[in-house]
Amino acid sequence: MTSPTTALLAIEDLSIHFGGLAALSRVSLDLHPGEVVGVIGPNGAGKTTLFNAISGVVAGQGKFSIDGQSRNWPKPHELMEHGIARTLQGVGLFPDLTVLENVMIGATKFAEGGLIRSALGLDSRQEARLRERSMIALENVYAAGLANRTVSSLPYPVTKRIAIARALVSNPRILLLDEPAGGLGAQDIEWMIKFIHNISAQCAVLLVEHHMDVVMTVCDRLYVLNFGEVIASGTVDHVRNDPAVISAYLGADA
Ligand SMILES: Nc1ncnc2c1ncn2[C@@H]1O[C@H](COP(=O)(O)OP(=O)(O)OP(=O)(O)O)[C@@H](O)[C@H]1O
Ligand SMILES: [Mg+2]
């Protein structure tokens, strides 16, 4: 069900080519406040490429708007001012840094070159504020007690939560989660479902996920990508029964 509010994020006719490969073809989607919108599809369908385009990591053709205002596609260092944060497929943390340091990096402007340089540019009050925000982000994922642990010493499911804290520290209005349940067992998946549901009160979520139980439980609407094209969109029930979706998944043995 599409909300009557102005879309926080809207993409129209996005196409991205890698050489001769059409990774995305005329993809349009929108995300409204309070929504969890799923982007699903077989391996290689273009889901991460979509996130990369929204994050300014790859360039394509198409229209981009925030709050109903047409904008240039963001560059990576502009994400925070657009209120966008993402997690990476996998984890993407610095294994030799502490949990807190990893989360603090999420609040520094990417263009300014990471923690070390940013830390040099911060006065002690700014650094204290950043620490405090990072601790709040860690509390959000129930990991504040792990702040001083080195990331490499933690089990994989915990690192997935830290990666989310790193995205949350910039107080995004739009959170892009790329396979947050990937590699998790049943208990951690259960936690992730509840977490995504709760966090959507703070920020709208665009969710890429292969675990259908997560998608079907937590998403308000879905877009289904196959070979770079949106082959279906709408409510979970609508999409679940769409013959094109069933055939895309069966064809991919998913
Ligand atoms: N930087 C790149 N250069 C060339 N090809 C790329 C690049 N990034 C992605 N691709 C290709 O674009 C297509 C879409 O890839 P993408 O990673 O977006 O798929 P996905 O839907 O996220 O898949 P998965 O579910 O396996 O993560 C694939 O064929 C992939 O090999
Ligand atoms: Mg992917």
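First listed ligand is number 1; within each ligand, the first listed atom is number 1.
The protein heavy-atom contact nearest to atom 13 (C) of ligand 1 is G44 O, 3.7 Å. The nearest protein atom to atom 27 (O) of ligand 1, hydrogens excluded, is given as Q89 NE2, 2.8 Å; this is a heavy-atom distance. Closest to atom 9 (C) of ligand 1, if we only count protein heavy atoms, is F18 CE1, 3.6 Å.
At a threshold of 4.5 Å between non-hydrogen side-chain atoms, the residues V205 and L177 count as touching. Residues L176 and S55 form a side-chain contact, since some pair of their non-hydrogen atoms from C-beta on lies under 4.5 Å apart. With a 4.5 Å cut-off on side-chain heavy atoms, F94 and T150 do not count as touching.
Listed by atom number, the atoms of ligand 1 under 4.0 Å from L21 heavy atoms are 11 (C), 12 (O), 13 (C), 29 (O). Atoms of ligand 1 lying under 4.0 Å from any heavy atom of H210, numbered from 1 in the order shown and given with element: 25 (O). Atoms of ligand 1 found under 4.0 Å from any heavy atom of E179 (numbered from 1 in listed order, with element): 25 (O), 27 (O). Listed by number with element, the atoms of ligand 1 under 4.0 Å from a non-hydrogen atom of A23 are 12 (O).
Between E139 and A144, the closest heavy-atom pair is CG-CB, 3.6 Å. Of all non-hydrogen atoms in S28 and E12, the two that sit nearest each other are OG-CA, 3.4 Å.
Atom OH of Y156 is surrounded by more than 12 heavy atoms from other residues, nucleotides or ligands within 6.0 Å. Within a 6.0 Å radius of CZ in R26, no more than 12 heavy atoms belonging to other residues, nucleotides or ligands are found.
Side-chain contact of D178 with T48: a donor-acceptor pair under 3.5 Å is present, judged by distance alone. Under the 3.5 Å distance criterion, with hydrogens and angles disregarded, no donor-acceptor pair is assigned to the side chains of R161 and N140.
Within the set H17, K47, E209, the minimum heavy-atom distance to atom 20 (P) of ligand 1 is found for K47. Between the choices N43, V58, T49, T48, the shortest heavy-atom distance to atom 22 (O) of ligand 1 belongs to T48.
Relative ring orientation between F64 and W73 is described as tilted, the plane-to-plane angle lying within the 30° to 60° band.
In terms of polar-atom proximity, defined here as any N/O pair under 3.5 Å, A45 does make such a contact with ligand 1.
Taking a cut-off of 2.8 Å, the protein N, O or S atoms nearer than that to the Mg ion (ligand 2) are T48 OG1, Q89 OE1.
Comment: R221 engages E35 in a salt bridge, judged by a side-chain N to carboxylate O separation of less than 4.0 angstrom.
Within the structure, the closest approach of G41 to ligand 1 does not fall below 4.0 Å when heavy atoms are considered.
The one candidate from I66, L8, L175 that meets the side-chain contact (heavy atoms from CB on, under 4.5 Å) condition with I84 is I66.
Protein heavy atoms are found less than 4.0 angstrom from atom 29 (O) of ligand 1.
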